[in-house]
Structure formats: structure tokens, C-alpha cells
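If you read the sequence from its start, that first residue is 1, and numbering goes on from there.
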Amino acid sequence: MKRLNARTGPPSSERSHRGRRGLALLTGLAMTGIGAVVPATAAAPSPAGASARPAAAFPYQDPSLPVATRVDDLLSRMSLDEKLGQMTQAERGSVTGSDITTYRIGSVLSGGGSAPSPNNAASWADMYDGFQNAALATPLAVPLIYGVDAVHGHNNVYGATVFPHNIGLGATRDPALVQEIGRATAEEVSGTGIDWNFAPCLCVARNDRWGRTYESYGEKPELPSSMASVITGLQGTALNAPGSVLATAKHYVGDGGTAGGRDQGDTQLSEAELRAIHLPPFQAAVQRGVGSVMVSFSSWNGAKLHGHQYLITSVLKGELGFSGFVVSDWDGVNQIDGATGLSASDVRTSVNAGIDMVMVPTAWRTFISLLRTEVQAGRVPTSRIDDANRRILTKKFELGLFEHPRTDRSYTATVGSAQHRALARTAVARSQVVLKNSGAMLPLARDNGKIFVAGKSASNIGYQSGGWTISWQGSSGNITPGTTILQGIRDTVGPSTTVTFNQNGSGIDGSYRAAIAVVGETPYAEGQGDRPGGLGLDSADLNTINTLRASGVPVVVVLVSGRPLDIAAQLPGWNAAVASWLPGTEGRGVADVLFGVVRPTGKLPVTWMSSAGQQPINDGDGKTPLFPYGFGLTYGAPGP
């Protein structure tokens, strides 16, 4: 999804969250003028911490009733406009509280970099509660659901724990660890009020030129399928349990298989190949009860997925038995007819194809108007509208939003907590893949030595975290609190070891025991991350490594990147090489492996090319790689 710049949200108010402390919805709601666009007439919610919840005025407000019964009752009371509102998702920067109340908007999202000011956990919670209060001020008081891309931790929020991107987690081969990360992420997301995470990405990346390769757990379907365990972590034992959020399997289906690795491109495969390679992770997600599925921008054999009724309705909802709701990607429905902007054809085709909630960040008024016209003209059946609403409302009831719509502030302190950062450090260490280790160069001794560290990514939280960190495309510098790889090295060596840093390698001489070059890609996300040309290190990185090598000191190259890089020509001159992927905020996990605090166990989740010209290269395709899928060296503790 694309994202926006930060903007301030509506005023704050207190919230209590799903199945947690706090407030019940009100009961004596004014039930006149439900279908009209009128000022809110509902009473205000009871104060946070209220000891008793009033008796339900209507069956849908009674939590003792089955969810299906509550949904049926609520649907029976809803006008067409209220149902259209539930199917609409607007970006926070383009909607006000008054808009939510007036248009009965059912969902809001934050795009990448779209955050309240100041960008901290409490401010997010205040923003969320302000939006939720606006939803509760509608006649039927249907709470909204708020979505965010917490794709490697709650990465939009300053101070949150940023975990390794998925490609690194795929290297761990550890579904239980990934489930723990899902739980930690859910707690941090819950602490800011958010109910819904647009994660995990379950794409099977088949061409490393694709700028979203790092969002994939790996190139073979069994690896992302196993990592669907993150869904269990996010959604918890029950959706209305403390610290649970709705998960999203994305992007359905085949986005990792586009020709040339082009983002939003065309996946040119037979149905048998699509089912064998790209469908299994979504089947695994459905089996784990994933609450929502996001449709891919890409096409399958020339047909846009956002309008693909067969794949969405027949396969996903029918064959796989998906009972949650389907959401579009950012303005994704706009692309169906090939014309600029949102059209009646786009709206009609996408909704009839099976999309239940439409992400129309800024054009939400147009969407509502067009969909109303299509329904009234009989081109979108009312049965389809009711089905979409039933799916959306079911998840809202299951999340406990009708009983506890506001932020559970008891989770706010978990954002960036020491416990979560320790988990992230563990994940970083387990994600490291040792590619080369000539002469048992690694692990490095922690004591009685001199270490020289260089490279643009050695002391840069932004670079080591990659895209989708604070902003959509990511950026350079100390963009959020964390431990750089350089600081991790300094914290790991003993007091008798000297660590010297110079970004370009200047000042090194033969007195150093080892040189560590931390180099690689600068941050990017979808679209801007595609690399149709070369996939090698840039000239600054190569010059830095050459400067270190010229000193005669053994060189360890640490690659910070979202995909394998074209390094075959340079590798013979390196004493050791480690793929660190995009480790996130806890850089000490890299040092843990370099210095033998943790034994390396990471295995390649993708095939490492011998040259960029081999792309696409995948396990079993007959091409000779530099390092095969599953490769990874190991070693024990360092010597004296």
C-alpha cells in the first residue's frame, strides 16, 4: 500500500479495548432517522472504568447472544447508507470525526508515515479514541475498525520495537519465534488503540528484482505457509482477548511472481502453477482463522486481481472457506478499468468480485456515491452488500468492539518495551546467515583486540530497518530509538578491545585484528524498490571495502539488504560474509553472531544468485547459484 505524510488526527479521548477494562456501549440510542444523514443523537458512552454496563436495548448490543444473531439484528436495523459506510475505508488525513458520524464510515487507516503529532504511543491512542467517539455518535453506534501496516513491529510509531523484515524471519525457520513476534506486535498495536494489522504479507517472492522481496518469508510456498504462525500471535486465543488484533493475509494472490519482478505487474502462470506456488500460504492463513485478506495490486495473466471474481469469491471464499472479509489495497479498485480515477465500473466490478471493504483513502465520498447508484440501479445486488456487511460486522463483534471500543491503555507501555526489544534481538541473531567464513574468521574474539568498523549502514538505524519504518519508504539516520550495529559491536566486546569507526574506512592500518564492513541497500518500499538493472553494491560500498582490504586486515562484510545482492565478483576478496537482511532496531543481534554470543543457525530463505542476469532464480530451476536455498554456515563459541 502507498502512504502519506504525517498529519494530526482529531482530538483525544479515553478508550478501553476489546475484552478489557472499561466501557460498554450505550443503550438508549435514538432510533429515529437511522438512514438519514442527521446529527448524532446517541447518548455518550459511560465513563472509562464504569462498574456496570447498562442492559442492552437491542439484541445486537447484548454480548450474551451469539455473534450471528447480533449481526442479523444489526443488519435488520441498518439503512443502505449505513451499509455503504461500513464498506468504506478512508485515510485518517482525509476524514474528520464529523465525516465519520455523518457518512457512517466503518473504517479508517493510517498510511505509511501518516501519524498524529507528536508521533508517540499515547498520541496514537488519543487519535484513535477521537475517531472511535465519532463512530459511536452515530444512531446505531457501530464502532469503526482502524487499520495500520505494522509489518515488522508497530513500525509507524516512534519508539516502537522494529523487528526484522520478513525475509530475515524466513531465515530463522522458526514459526514459534514468529508467533511470539506476532504477539508482541499485537500488544504494541493494541496499546495505541489500533484493532487491525495489514499483516502478514504471505507472498512467495520469485524474482529478487521486486522491491517487496523483503516482505516475503521466502521463495518456496512451504516457508511463508509455516510462518503464517504470526497470525496466531496477532489474533491471540480469541479476537476479543486482551492484546489481540485482526490480522490480514496479503496480497492475494501471486504478487511475488510478476514478470520481471515488477511491482503491481502481471503474474503469467497457469492456474496449476498459481495454485502450487502462490496459493498455499493463503490456505494456511485461512486454516489459522485469519480475519481479513487484502487483494493484490497485481494481475494474473492480464486480469486485475481487484476485479477477479473467480479467485476472490470462488476460490478464496468458496473453495478455501474464508469466512472473514476481503479488503482492497490502496486505491486498488481504481485500476480495474485502466482509466484514471474511480469509476462506476471500478466500483461495480470490485464489489461484485467479492471485495467487502474498499480502501479509498481520499475518494471515499465518490465511492459511497457511486456504490449507492450501482445498488439502486440493480447492478450490485443488495445480497452482495449484505454479505459484505455481515463479514465486516462479524469481525467487529468478535473483536469485542461493541463492548470495549476504546484504547486499552494498559498496553500502551508495551510499545518499545525491554521485553519486546529482547525478543527482537533474539530474532535478529537467529536471522543472520553466514555465507563465507574462510580460515574460521568468525566468530571474532571479544577480548584483547582491535576492531575497525566501517560502512554506511554501521551506524544508521534507518538503513538497518529499511522501508516501512516511521515513513513509507524509510529513511536515513536516527529515525527511531534502537541499537545500531556499531553500538551493538561496542556493547558486545570486552573492555580490553578497542573499536574504531570510520564510515569510509579511512584511518585503518595493519594493527587491527579485523575489519567489519557494514554495507548494503538504502531503504525503499514498493514501487521505488524495484531494481530492473544491476543488483550489486554501490560504488561507495565497494570503495569502503577496498580501503579496508588494502590495509591487509582480514575483512568481514555484513550485508544489510532486503534481498540477495550480486556479490560474486567481490566475494573472493572477503574473509567472511554475513547476510543480515534488514534487522530493525535491535542491531546487537548482529553482533551476537559476529562475536559468537549466539551460534549462527540462519538458512537462506531464497536462492542467492551468481549474477543479476540469472533473475529469476529459484530452487529447483536448474540454474547454478552462488549459494543455494537453505544454505548457511555455523560455528561454535570463539576461541581465546
Side-chain angles (χ1 to χ4, degrees), residues 31-38 60 68 71-90 99-100 102-107 138-140 142 252 292-295 299 302-319 322-329 331-396:
M31 299 305 291
T32 58
I34 288 175
V37 177
V38 295
Y60 79 87
V71 170
D72 286 343
D73 179 68
L74 179 53
L75 274 175
S76 73
R77 301 175 189 280
M78 292 173 72
S79 68
L80 175 60
D81 281 349
E82 285 168 321
K83 293 174 182 178
L84 301 183
Q86 287 301 305
M87 297 174 66
T88 305
Q89 185 178 62
D99 291 332
I100 290 169
T102 300
Y103 290 90
R104 317 294 198 251
I105 291 173
S107 183
T138 57
L140 290 174
V142 179
Y252 184 82
S292 67
V293 170
M294 182 180 288
V295 180
S299 302
K304 282 284 183 183
L305 266 298
H306 273 78
H308 214 296
Q309 187 176 41
Y310 171 68
L311 288 177
I312 297 172
T313 296
S314 298
V315 176
L316 177 64
K317 293 181 175 180
E319 182 181 326
F322 174 62
S323 60
F325 65 90
V326 175
V327 63
S328 69
D329 208 333
D331 276 336
V333 301
N334 298 19
Q335 301 180 7
I336 295 172
D337 65 5
T340 302
L342 187 65
S343 69
S345 175
D346 291 329
V347 171
R348 176 175 65 251
T349 302
S350 61
V351 174
N352 284 338
I355 292 178
D356 303 304
M357 183 182 289
V358 179
M359 189 187 295
V360 272
T362 58
W364 51 268
R365 288 182 183 85
T366 302
F367 168 73
I368 292 172
S369 177
L370 288 172
L371 183 54
R372 182 189 300 112
T373 299
E374 293 302 298
V375 173
Q376 290 173 341
R379 291 184 289 268
V380 174
T382 55
S383 59
R384 175 78 271 273
I385 300 300
D386 285 347
D387 174 60
N389 272 263
R390 181 171 279 104
R391 289 170 176 273
I392 293 165
L393 293 172
T394 295
K395 293 307 170 187
K396 290 186 175 184

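Contact between Thr313 and Ala353 at its shortest, heavy atoms only, is OG1-O, 2.6 Å. Across every non-hydrogen atom of Gly324 and Lys395, the tightest pair is CA-CE, 3.7 Å. Across all non-hydrogen atoms, the minimal contact from Trp364 to Ala90 is CD1-CB, 3.5 Å. Of all non-hydrogen atoms in Gly341 and Asp346, the two that sit nearest each other are O-OD2, 3.2 Å. Closest approach of Asp386 and Leu75 over heavy atoms only: O-CD1, 4.1 Å. Nearest heavy-atom pair across Ile355 and Val327 is CG2-C, 4.4 Å.
In summary, of the residues considered (Thr366, Leu342, Val360, Asn334), a side chain to side chain contact (heavy atoms under 4.5 Å, CB included) with Val347 occurs for Leu342 alone. A side chain to side chain contact (heavy atoms under 4.5 Å, CB included) with Ile312 holds for exactly one of Asp356, Leu305, Val326, Asn352; it is Val326. The one candidate from Met357, Arg104, Met78 that meets the side chain to side chain contact (heavy atoms under 4.5 Å, CB included) condition with Gln86 is Met78.
In this structure, OG on Ser107 lies 6.5 Å from NZ on Lys396, to the nearest 0.5 angstrom. Going from atom OG of Ser323 over to atom CZ of Arg391 covers 7.0 Å, rounded to the nearest 0.5 Å. The line from OH of Tyr60 to CG of Leu393 is 10.5 Å long, rounded to the nearest 0.5 Å. Rounding to the nearest 0.5 angstrom, the gap separating the CD1 atom in Ile336 from the NZ atom in Lys304 is 9.0 Å. Atom CG of Leu371 and atom CZ of Arg348 lie 11.0 Å apart (nearest 0.5 Å). Between the CD1 atom of Ile368 and the CG atom of Asp81 there is a distance of 8.0 Å, given to the nearest 0.5 Å.
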Check your understanding: Given the rule in the side chain to side chain contact (heavy atoms under 4.5 Å, CB included) test, do Leu80 and Gln376 qualify, once you have shown the distances and angles that lead to the verdict?
Key -> CA-CA 10 Å; Leu80 175 60; Gln376 290 173 341; 4.3 Å; yes
Practice problem: Would you check, one step at a time, whether the test side-chain hydrogen bond (donor to acceptor under 3.5 Å, both in side chains) holds for Asp337 with Ser343? | Solution: CA-CA 8 Å; Asp337 65 5; Ser343 69; 2.5 Å; yes
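Evaluation of the side chain to side chain donor-acceptor pair (under 3.5 Å) rule for Arg390 yields Asp72 as partners, not counting sequence neighbours.
Using a distance-only test at 3.5 Å, with no hydrogens or angles considered, no donor-acceptor pair links the side chain of Ser292 to the main chain of Phe325.
Side-chain contact check for Met87 versus Val351: some heavy-atom pair is nearer than 4.5 Å. Looking at heavy atoms from C-beta onward, His306 lies in side-chain contact with Asp329 at the 4.5 angstrom threshold. Inter-residue side-chain proximity for Lys317 and Asp387 is flagged as met; some heavy-atom pair is nearer than 4.5 Å. Side chains of Val142 and Glu82 form no contact here, defined as non-hydrogen atoms less than 4.5 Å apart. Between Asp331 and Pro361 the shortest side-chain heavy-atom distance falls below 4.5 Å. Under the 4.5 Å side-chain criterion, counting only non-hydrogen atoms from C-beta, Tyr103 is not in contact with Thr88.
Each ring-ring contact (aromatic ring centres under 6.0 Å, His included) pair with one or both residues in residues 339-361, not counting sequence neighbours, would appear here, but there are none.
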